[in-house]
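First up is the structure itself, then whatever we jot down about it.
All residue numbers in this chain count up from 1 along the given sequence. Counting starts at 1 for both ligands and their atoms, following the listed order. Just so you know, these numbers come straight off a predicted model, no measurement behind them.
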Amino acid sequence: MATFPENFLWGGAIAANQAEGAWNEDGKGPSIADVVRGGIASGQHDATIDPLRYYASHEAIDFYHRYKEDVALFAEMGFQCFRTSIAWSRIFPRGDEQEPNEAGLAFYDALFDELLNYGIEPVITLSHYETPLALYEEYGGWKNRALIDFFTRYCETVFRRYQHKVKYWMTFNELNNMNRMPFATGAVEAGASAQDIYQANHHQFVANALANKLCHEIIPQAKIGCMLSLSTAYPATCNPDDIFATYQLRRRSLFYADVMMRGHYPAYAQRLFRENHIHLTMHPGDIELLAQYPSDYLGFSYYRSVLHKAGAQLRVDTGGAMGEDNPYLEKTAWGWPVDPVGLRLVCNELSDRYEKPLFIVENGYGGEDIADEHGEFNDEARIAYGRSHIQEMAEAVADGCDIMGYTWWGPIDIVSAGTGEMKKRYGFIYVDKDNEGNGTLARRKKRSFAWYQQVIASNGETL
Ligand code: BGP
């Protein structure tokens, strides 16, 4: 088996809105994640916050108050890095203020210090489906160019504040979900026109470039990447129509990396824009910014693959489109095909296309964990998923892919982005809470805890 490089970063990944809770404490403003029925990915938002309703993000797993206990468990597993997001609305409660909220900044100081005390590098997402709500309600989200200034002010604030603590950053989580999930990804209403969506994207691309610029100016030793959902798609048959349709589907996803990694709109975008009547409004200097400040690395999530047919209606879920049944692959209880070879394929595809480092910042197995008669969680299926994917990642390294690290999605059970459920669990650590919000929130190790510990201790040799 191939060996991972010595400086390879092993760890886990979560997002603020799916874990922290404390949604209105210490001056935090509401974010778009705090007003959704079900998961943030659904985009089914309530116009007002109803205090009698249960909202998954409001308490989540109470990471805000329990992070010390959780970080100690991550350290026990041997984490070398930990990816989470900063909740933008803790720092700028409405998003458009001039001055940040000190209590919000202090929380992340404490969290990062805790991680660093154990030698765990924070890997920080600046925007993970949690735009401040006021920026949606009063500005229309990323459709509005004003958000570029608000976002860069927020970025500059956190780069300055955490410049000695955080070396790894990424801008927007899964930006290529804008078409399927515009509310979560860009604070743009569900059902928005292609014109609005691509205009919002353009603003996000400019904001991404400006964030890269600021990050390098303020923290010269830092690396800042973009982040996309890159679970892959295969043609359902060898019919050339299916093959080309699948190529186009993949391109629609890679479009985002094409712009942010290469620094310009790809040639194929012209036809996409023409046929969808998209006319982007750009300011002088935008194109130069994109070219001057591309991403340092490509962070991505990989969960599964799908089969695609020309003309098929795409049913979508958080990890990407859901396609035809693949007879060669098993599925999880949530219908996600398990495809470790697909991960090797994607790593190779992205390395060939961009020739820059990759960071696998989400990969994991969502399942329902039920305790056995001894009260233990024998999550063999999760271990099998992790083992097979890490094996294929090792093959990708041997193939020549430059992979910076691997962060398992949801090393502790958190709220699902797709459904708002607790029942869909990814963790090596169980959290006692059910879909209705009942439970003690106590943390318990599952069997996979010791498995991942040994994976890290052996730098991926013992699987
Ligand atoms: C990604 C998101 C995460 C996450 C994960 C799993 O799309 O970046 O926020 O939750 O998918 O999806 P789910 O929670 O729906 O199982």
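- For ligand 1, the atoms sitting less than 4.0 Å from at least one non-hydrogen atom of G418 are 13 (P), 14 (O), 15 (O), numbered in the order shown with element in parentheses.
- Crowding of K167 atom NZ: a count of heavy atoms from other residues, nucleotides or ligands under 6.0 Å not exceeding 12.
- The aromatic ring centroids of Y136 and H45 lie less than 6.0 Å from each other.
- Ring pair Y256/Y198 is parallel by interplanar angle, where below 30° counts as parallel and above 60° as perpendicular.
- Close approach of ligand 1 to E174 is summarised as follows: ligand atoms under 4.0 Å from at least one heavy atom of the residue are 1 (C), 2 (C), 7 (O), 8 (O).
- The backbone N or O of D50 lies less than 3.5 Å from a partner atom in the side chain of Y55, making a donor-acceptor pair.
- A salt bridge links D62 to R66: one of the charged nitrogens lies within less than 4.0 Å of a carboxylate oxygen.
- The shortest N or O to N or O distance between T419 and ligand 1 is not under 3.5 Å.
- The ring of F107 has its center closer than 6.0 angstrom to the ring center of Y67.
- Proximity of N173 to ligand 1, defined as any heavy-atom pair under 4.0 Å, is confined to the side chain (atoms from C-beta onward).
- In W334, neither the side chain nor the backbone holds a heavy atom less than 4.0 Å from any atom of ligand 1.
- Ring geometry for W88 against F151 counts as perpendicular: the plane angle is over 60°, on a 0 to 90° scale with 30° as the lower cut.
- Checking S42, A41, A417 against atom 14 (O) of ligand 1, the nearest heavy atom belongs to A417.
- Across Q18, R425, M181, E421, heavy-atom proximity to atom 9 (O) of ligand 1 is greatest for Q18.
- In terms of polar-atom proximity, defined here as any N/O pair under 3.5 Å, N177 makes no such contact with ligand 1.
- Taking a cut-off of under 4.0 Å to the non-hydrogen atoms of K424, the atoms of ligand 1 that pass are 13 (P), 15 (O), 16 (O).
- Close approach to S416 involves these atoms of ligand 1, each under 4.0 Å from a residue heavy atom: 13 (P), 14 (O), 15 (O), 16 (O).
- Short contacts between ligand 1 and Y426, defined as distances under 4.0 Å to a heavy atom of the residue, involve ligand atoms 6 (C), 12 (O), 13 (P), 16 (O).
- Scanning for side-chain contact (heavy atoms from CB on, under 4.5 Å) contacts around D372 gives H374, E376, N378, with sequence neighbours left out.
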